[in-house]
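Everything quoted here is computed from the prediction, not taken from an experiment. Naming convention: chains lettered A, B, ... in sequence-line order (proteins, then strands); numbering from 1 in each chain.
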Number of protein chains: 2
Amino acid sequence: MSDKKTTPLTSPSIEEHHCTVDLRLEKLEMVPFFRDLNDEDLRTVNEKFTAKHYSEGETIYRQGERATMLRVVVAGNIKLVSHTMDGTDVLLDMLKPGEFFGSPTAKSGDVYVETAQTQTNACILSIRLADFRKIMDTYPTVSVSVLDITTDKLNDSRERIRYLSTLPVKKRIAHILVMLANKFGEKDKRGLLIQLPLSRKDLADMAGTSSETASRIMSQFQQDDLITSGRQWVAINDKPELLRISAE
Amino acid sequence: MSDKKTTPLTSPSIEEHHCTVDLRLEKLEMVPFFRDLNDEDLRTVNEKFTAKHYSEGETIYRQGERATMLRVVVAGNIKLVSHTMDGTDVLLDMLKPGEFFGSPTAKSGDVYVETAQTQTNACILSIRLADFRKIMDTYPTVSVSVLDITTDKLNDSRERIRYLSTLPVKKRIAHILVMLANKFGEKDKRGLLIQLPLSRKDLADMAGTSSETASRIMSQFQQDDLITSGRQWVAINDKPELLRISAE
DNA sequence: CGGTATTTTGATTTAGCTCAACAGACGTGG
DNA sequence: CCACGTCTGTTGAGCTAAATCAAAATACCG
């Protein structure tokens with residue numbers, strides 16, 4: 001436990017030249033809503049996509065911009081943020097490879113309702129919305145699959161409304177830590193390491209609180225040996241207990 | 001302004017015997033996701049539905065019950081509520097005729113994540129999830145349409161997260177009143193009357209606050225002549241000003 | 001007209017925000 | 001490899017919005 005301070009995150013070293021067709025094909029299969037397509041259809045679909053590399057902290061699109069593309073994460077992590085007029089941010093979602101973002105069904109004239117930003121270096125596929133619409137009309141399994149995912153996101157989102165409306169900050173943060181551990185956790189000597197640059201402000205923007213309050217609560221969890229944490233990283237030591245706190 | 005106290009709501013007098021096939025056919029056409037079907041297909045689809053009448057305050061299904069049906073509102077209003085262990089309720093959504101509820105994509109074993117309850121007398125159509133899945137696989141326009149609606153709900157839900165995370169109660173309630181006016185408002189001598197039994201507790205459960213606080217804020221709005229309100233009803237006098245308050 | 005549910009209003013308490021200062025970690029360039 | 005500047009996180013003190021507790025007033029229902 002001497003290295004409590006050094007960042008233990010394995011930074012995903014996606015080089016620009018790795019963001020290629022080979023990787024694209026391999027990963028498109030991975031995307032849930034293309035899994036049911038056969039090889040030939042998959043090849044047809046693949047041609048509609050273009051790949052692009054982004055480095056850490058880059059903005060992919062901004063809230064308010066005309067929505068034209070649907071995007072898929074091939075490598076790296078993306079966060080979806082909503083900015084408010086007074087400067088406060090709300091962190092709506094964090095994405096990992098295989099997930100899509102940008103409204104799948106925006107009509108012409110619609111704009112993005114959130115800002116998408118990389119948390120790490122990332123490789124992203126894009127498809128024009130019109131092309132994607134055509135694919136959904138051609139392959140019913142695709143649209144049903146996108147619907148499945150969107151329904152899950154809606155349920156998550158409503159659960160979060162429940163937490164924001166009824167629970168104190170401590171329980172909200174405990175809950176967020178458990179969710180992040182489930183989605184991004186990797187077994188590690190430190191326990192379940194959340195493989196993601198994760199600041200106190202990020203946590204605060206997810207929990208709807210200030211970074212100071214988030215910090216205080218994280219300190220408390222650390223004192224109670226529930227987590228180990230340093231600058232921009234968090235590892236979970238006692239998930240069951242955090243779960244208990246969030247639900248009690 | 002003499003009758004400020006008497007309820008001005010026109011209660012939707014849906015008699016049990018009106019909830020019939022005739023009404024069903026007429027209304028199914030109204031449902032957005034069946035609008036693109038031709039008459040014959042519509043007839044086929046219609047046969048899979050059963051109609052049922054519910055009276056005011058009845059519970060249609062409870063959170064935690066096995067999810068087996070997708071439902072469509074033909075007449076009346078439904079509210080979707082999430083109950084928490086400590087007794088507080090969160091009002092997730094209020095539905096009017098034409099809207100569907102119950103997860104469209106629940107797998108066998110899934111349960112409802114919220115409770116559905118009538119706010120007025122209501123006529124509801126039900127279809128078994130397996131049957132609806134078959135319809136979506138057969139008619140791509142249906143699944144794409146359901147996806148459109150679900151995406152809109154997801155965006156609404158995220159906007160609400162933004163409000164809960166960043167704005168004080170007064171702005172949240174102003175925002176909710178504007179939204180309700182847009183969805184349920186009817187021109188009336190009193191202004192825009194929200195055609196819906198709407199208590200202070202309902203408002204509180206939507207805004208994530210206590211009914212006392214909701215009451216105080218409503219009193220203030222009434223003093224400022226922005227609304228007129230009585231027991232279980234609200235009319236909007238000055239929507240632009242409420243909008244301004246919610247956004248300032 | 002009496003009974004019940006809803007709403008209003010008041011008084012008190014408190015969780016969490018804000019402002020402020022400091023400390024620890026990381027990157028960078030010499 | 002060290003010194004410096006910057007960014008992130010910690011901690012403290014006071015303040016405020018909103019919760020809670022309590023009680024009265026009003027609307028509706030039979």
Side-chain angles (χ1 to χ4, degrees), chain A residues 2-9 11 55-57 84 86-90 119 163-174 196-223 227-235 245, chain B residues 1-9 11 55-57 84 86-90 119 163-174 196-224 227-235 245:
Chain A
S2 59
D3 53 354
K4 229 182 175 180
K5 308 169 177 180
T6 320
T7 212
L9 296 182
S11 74
S55 42
E56 181 173 342
T84 56
D86 67 331
T88 7
D89 293 336
V90 178
Q119 296 182 280
Y163 270 79
L164 282 169
S165 301
T166 60
L167 300 185
V169 179
K170 184 177 173 184
K171 294 184 184 185
R172 302 212 293 267
I173 290 191
L196 204 62
L198 185 68
S199 68
R200 296 295 183 262
K201 179 174 188 314
D202 288 332
L203 278 170
D205 290 349
M206 276 187 274
T209 186
S210 66
S211 52
E212 292 95 330
T213 299
S215 177
R216 276 181 244 271
I217 285 167
M218 291 296 277
S219 297
Q220 196 187 325
F221 285 163
Q222 197 144 10
Q223 288 231 326
I227 62 170
T228 313
S229 169
R231 192 195 177 97
Q232 307 255 43
W233 64 270
V234 181
I245 289 174
Chain B
M1 295 281 166
S2 59
D3 52 353
K4 229 183 178 180
K5 307 170 178 179
T6 321
T7 214
L9 296 181
S11 72
S55 43
E56 181 173 343
T84 56
D86 66 331
T88 5
D89 293 337
V90 178
Q119 296 182 280
Y163 270 79
L164 282 169
S165 301
T166 61
L167 300 185
V169 178
K170 185 177 173 184
K171 293 184 185 185
R172 302 210 295 265
I173 290 191
L196 204 60
L198 185 69
S199 67
R200 296 295 182 262
K201 180 174 187 314
D202 288 333
L203 278 170
D205 289 350
M206 276 188 275
T209 187
S210 66
S211 51
E212 291 96 330
T213 298
S215 176
R216 276 181 244 272
I217 285 168
M218 292 295 277
S219 298
Q220 196 187 324
F221 285 162
Q222 197 144 10
Q223 288 232 325
D224 299 347
I227 61 170
T228 313
S229 169
R231 190 194 179 96
Q232 306 256 43
W233 64 270
V234 181
I245 291 175

Gap between atoms CH2 and P, on W233(B) and dT26(D) respectively (whole Å):
16 Å
Measure the distance from CG on L164(A) to P on dA19(D) and round it to the nearest whole Å.
14 Å
Please report the interatomic distance CE(M218(B)) to CG(L203(B)), rounded to the nearest 0.5 Å.
5.0 Å
Look at the side-chain N and O atoms of S219(B) and state whether any lies under 4.0 Å from the OP1 or OP2 oxygen of dT9(C).
yes
Please check: side-chain N/O of Q119(B) versus main-chain N/O of L196(B), any donor-acceptor pairing under 3.5 Å?
no
Spatial distance of atom OG (S199(B)) from atom CG (D205(B)) [nearest 0.5 Å]:
7.5 Å
Between P of dT26(D) and CD of Q232(B), the distance in whole Å
18 Å
Run the side-chain donor-acceptor check on residues 210-217 of chain A: report pairs under 3.5 Å with partners two or more places apart or on a different chain.
unit_1, atom_1, unit_2, atom_2, d
S210(A), OG, T213(A), N, 3.2
S210(A), OG, T213(A), OG1, 3.1

Identify the heavy atoms of L164(B) and S165(A) that sit nearest to each other, and give their distance.
CD1-OG, 3.7 Å
Rounded to whole Å, CZ of F221(A) lies from P of dG9(D) at a distance of 16 Å
Which pairs would a plain distance check flag for residues 167-174 of chain B, meaning a side-chain donor or acceptor within less than 3.5 Å of a matching protein atom at least two apart in sequence or in another chain?
unit_1, atom_1, unit_2, atom_2, d
K171(B), NZ, E248(B), O, 2.9
R172(B), NE, A207(B), O, 2.8
R172(B), NH1, L167(B), O, 2.8
R172(B), NH2, A207(B), O, 2.9
R172(B), NH2, G208(B), O, 3.4

Residue set satisfying side chain to side chain contact (heavy atoms under 4.5 Å, CB included) with T88(B), at least two apart, ordered chain then number -> T166(A), T84(B), D86(B)
Between dT11(D) atom P and Q222(A) atom CD, what is the distance in whole Å?
9 Å
As a check of understanding: the bend across the helix from dC1(C)-dG30(D) to dG30(C)-dC1(D), end axes from five pairs, rounded to 10 degrees, works out to 50°
Smallest heavy-atom separation, I245(A) atom then F221(A) atom, equals CD1-CE2, 4.1 Å
Among residues 205-215 of chain A, which ones have heavy-atom contacts with DNA chain D below 4.0 Å?
E212(A), S215(A)
Spacing of I227(B) atom CD1 relative to dT8(C) atom C1', expressed in whole Å
13 Å
How many Å lie between CD1 on I217(A) and C1' on dG9(D), as a whole number?
15 Å
Which nucleotide in dT7(C), dT8(C), dG16(C) has an atom nearest any side-chain atom of R231(B)
dT7(C)
Check the interface with nucleotides 11-14 of chain C: list each N/O to N/O pair with the protein under 3.5 Å, or write none.
none

In whole angstrom, what separates M218(B)'s CE from dT7(C)'s P?
9 Å
State, without any angle test, whether R200(B) and S219(B) hold a side-chain donor-acceptor pair at a distance under 3.5 Å.
no
